[in-house]
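Reading through the structure tokens given below for one structure.
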Amino acid sequence: MSLDADGGSGAEVAALSDKGSPGEDGFVPSALGTREHWDAVYERELQTFREFGDTGEIWFGEESMNRLIRWMQKHKIPLDASVLDIGTGNGVFLVELAKFGFSDITGIDYSPSAIQLSGSVIEKEGLSNIKLKVEDFLNLSTQLSGFHICIDKGTFDAISLNPDNAIEKRKQYVKSLSRVLKVKGFFLITSCNWTKEELLTEFSEGFELFEELPTPKFSFGGRSGNSVAALVFQKM
């Protein structure tokens with residue numbers, strides 16, 4: 001998945017479709033919430049990488065990665081803590097984590113092309129201690145569990161736009177998160193579709209807010225707000 005830049009308009013996921021009507025949750029169903037869309041995106045990005053070495057867009061921009069790593073550093077998260085990147089896309093965030101020193105990193109994505117792309121990017125960087133798996137987070141294999149840190153930059157946003165019963169899929173996402181994350185483990189989510197208050201409601205069962213991370217602000221018509229929400233939850 002890819003966005004233009006942190007604090008921007010959220011061109012891909014955040015822009016709700018002009019076609020169709022909002023569902024019960026207020027979102028207009030969109031192809032952006034389907035596996036077919038992201039398979040096509042990553043097939044193109046994989047081809048582009050093979051031809052030109054271009055890794056593609058960074059989801060929410062470089063600052064979003066730096067923000068999360070700074071938080072992990074601030075709270076002295078051990079470098080051997082197990083970290084899961086949910087919807088890893090091109091794997092660039094995994095590379096940054098590895099360069100920072102984290103040694104137990106796993107990236108998952110339901111798109112095989114995304115995992116191929118991230119594998120190619122990681123290989124180009126000369127890294128060998130990163131695990132990659134083709135996994136649908138809503139239908140997890142039994143091997144995936146026991147993580148200290150789970151990170152989501154846009155995957156929950158995309159799920160929210162799925163044309164096929166997005167509300168139930170969001171509930172399943174929370175169940176899957178609860179299954180893979182250790183008790184007292186941390187969940188770091190960055191979203192351009194959901195406000196802080198809405199995310200607190202979505203993750204109210206089994207999780208509590210640990211910290212809100214600062215994100216770029218915008219002003220319009222005398223009012224100000226955040227175009228991106230970045231929260232840290234802790235599993236209870």
Side-chain angles (χ1 to χ4, degrees), residues 1 59-60 64-65 67-89 91 93-94 96-98 100-111 114-115 118 129-160 162 166-213 215 228-236:
M1 302 176 189
W59 190 243
F60 288 107
S64 67
M65 299 190 300
R67 179 191 305 126
L68 300 180
I69 291 175
R70 283 197 302 267
W71 181 88
M72 295 166 80
Q73 183 180 27
K74 171 187 171 184
H75 290 278
K76 296 181 172 54
I77 302 299
L79 293 179
D80 61 353
S82 53
V83 181
L84 176 66
D85 188 22
I86 303 167
T88 198
F93 185 55
L94 301 176
E96 293 304 308
L97 288 170
F100 187 76
F102 286 95
S103 59
D104 189 357
I105 313 165
T106 301
I108 63 169
D109 204 293
Y110 64 11
S111 170
I115 294 301
S118 55
N129 61 335
I130 298 174
K131 297 178 282 292
L132 295 170
K133 297 177 182 290
V134 177
E135 285 273 5
D136 180 352
F137 196 64
L138 304 185
N139 294 282
L140 290 173
S141 62
T142 56
Q143 297 94 337
L144 216 62
S145 63
F147 289 91
H148 296 97
I149 304 283
C150 288
I151 295 168
D152 181 326
K153 296 197 293 97
T155 298
F156 189 71
D157 282 353
I159 288 172
S160 302
N162 193 291
I167 293 176
E168 286 304 314
K169 284 180 168 56
R170 297 202 316 265
K171 291 178 180 177
Q172 181 56 51
Y173 180 103
V174 177
K175 291 178 182 177
S176 294
L177 178 64
S178 183
R179 193 184 114 191
V180 301
L181 190 60
K182 285 178 175 288
V183 174
K184 299 298 183 182
F186 294 106
F187 171 54
L188 287 65
I189 181 169
T190 304
S191 170
C192 55
N193 274 354
W194 298 88
T195 66
K196 171 188 174 181
E197 291 72 21
E198 290 168 338
L199 289 172
L200 289 175
T201 299
E202 291 292 313
F203 294 93
S204 61
E205 189 171 336
F207 300 88
E208 72 173 12
L209 180 65
F210 183 83
E211 188 173 347
E212 179 179 11
L213 304 183
T215 59
V228 173
L231 303 180
V232 179
F233 288 92
Q234 188 168 32
K235 180 180 173 182
M236 305 312 295

Partner residues of Thr195 under the side chain to side chain donor-acceptor pair (under 3.5 Å) criterion, sequence neighbours left out: Glu198
Closest non-hydrogen atom pair, Glu202 against Val174: O-CG2, 3.5 Å
Under 3.5 Å: donor-acceptor pair, side chain of Ser176, backbone of Phe137: yes
Considering all heavy atoms, the nearest Phe186-Leu181 contact: O-CD1, 3.6 Å
Listed once per pair and sorted, the side-chain hydrogen bond (donor to acceptor under 3.5 Å, both in side chains) pairs that draw on residues 77-86, sequence neighbours left out: Ser82-His148, Asp85-Thr88
Residue of the set Ile86, Leu231, Asp157 for which side-chain contact (heavy atoms from CB on, under 4.5 Å) holds with Ile189: Leu231
Partner residues of Gln73 under the side chain to side chain contact (heavy atoms under 4.5 Å, CB included) criterion, sequence neighbours left out: Phe100
Neighbour count >12 (heavy atoms, 6.0 Å) for atom CD, Glu205: no
Donor-acceptor contact below 3.5 Å, side chain Thr215 vs main chain Val228: yes
Test ring pair (Phe, Tyr, Trp, His ring centres under 6.0 Å) applied to Phe156 - qualifying residues, sequence neighbours left out: Tyr173, Trp194, Phe203
Flag, side chain of Asn139 to backbone of Ser141, donor-acceptor distance under 3.5 Å: no
For Lys184 against Gln234, the heavy-atom pair lying closest together: O-NE2, 2.9 Å
Other residues, nucleotides, ligands: >12 heavy atoms within 6.0 Å of Lys131 NZ: yes
Side chain to side chain contact (heavy atoms under 4.5 Å, CB included) partners of Glu168, counting only residues at least two apart: Asn165, Lys171
Ser118 side chain vs Ala114 backbone, donor-acceptor pair below 3.5 Å: yes
Counterpart residues, side chain to side chain donor-acceptor pair (under 3.5 Å), relative to Lys76 (two or more places apart): none
Phe187 and Phe207 aromatic ring geometry - parallel, tilted or perpendicular at 30°/60° bounds: tilted
Pair Ile115-Lys133, side chain to side chain contact (heavy atoms under 4.5 Å, CB included): steps then yes or no: CA-CA 7 Å; Ile115 294 301; Lys133 297 177 182 290; 5.9 Å; no
Atom of Gly87, atom of Asp109 and distance for their closest heavy-atom approach: C-OD2, 3.5 Å
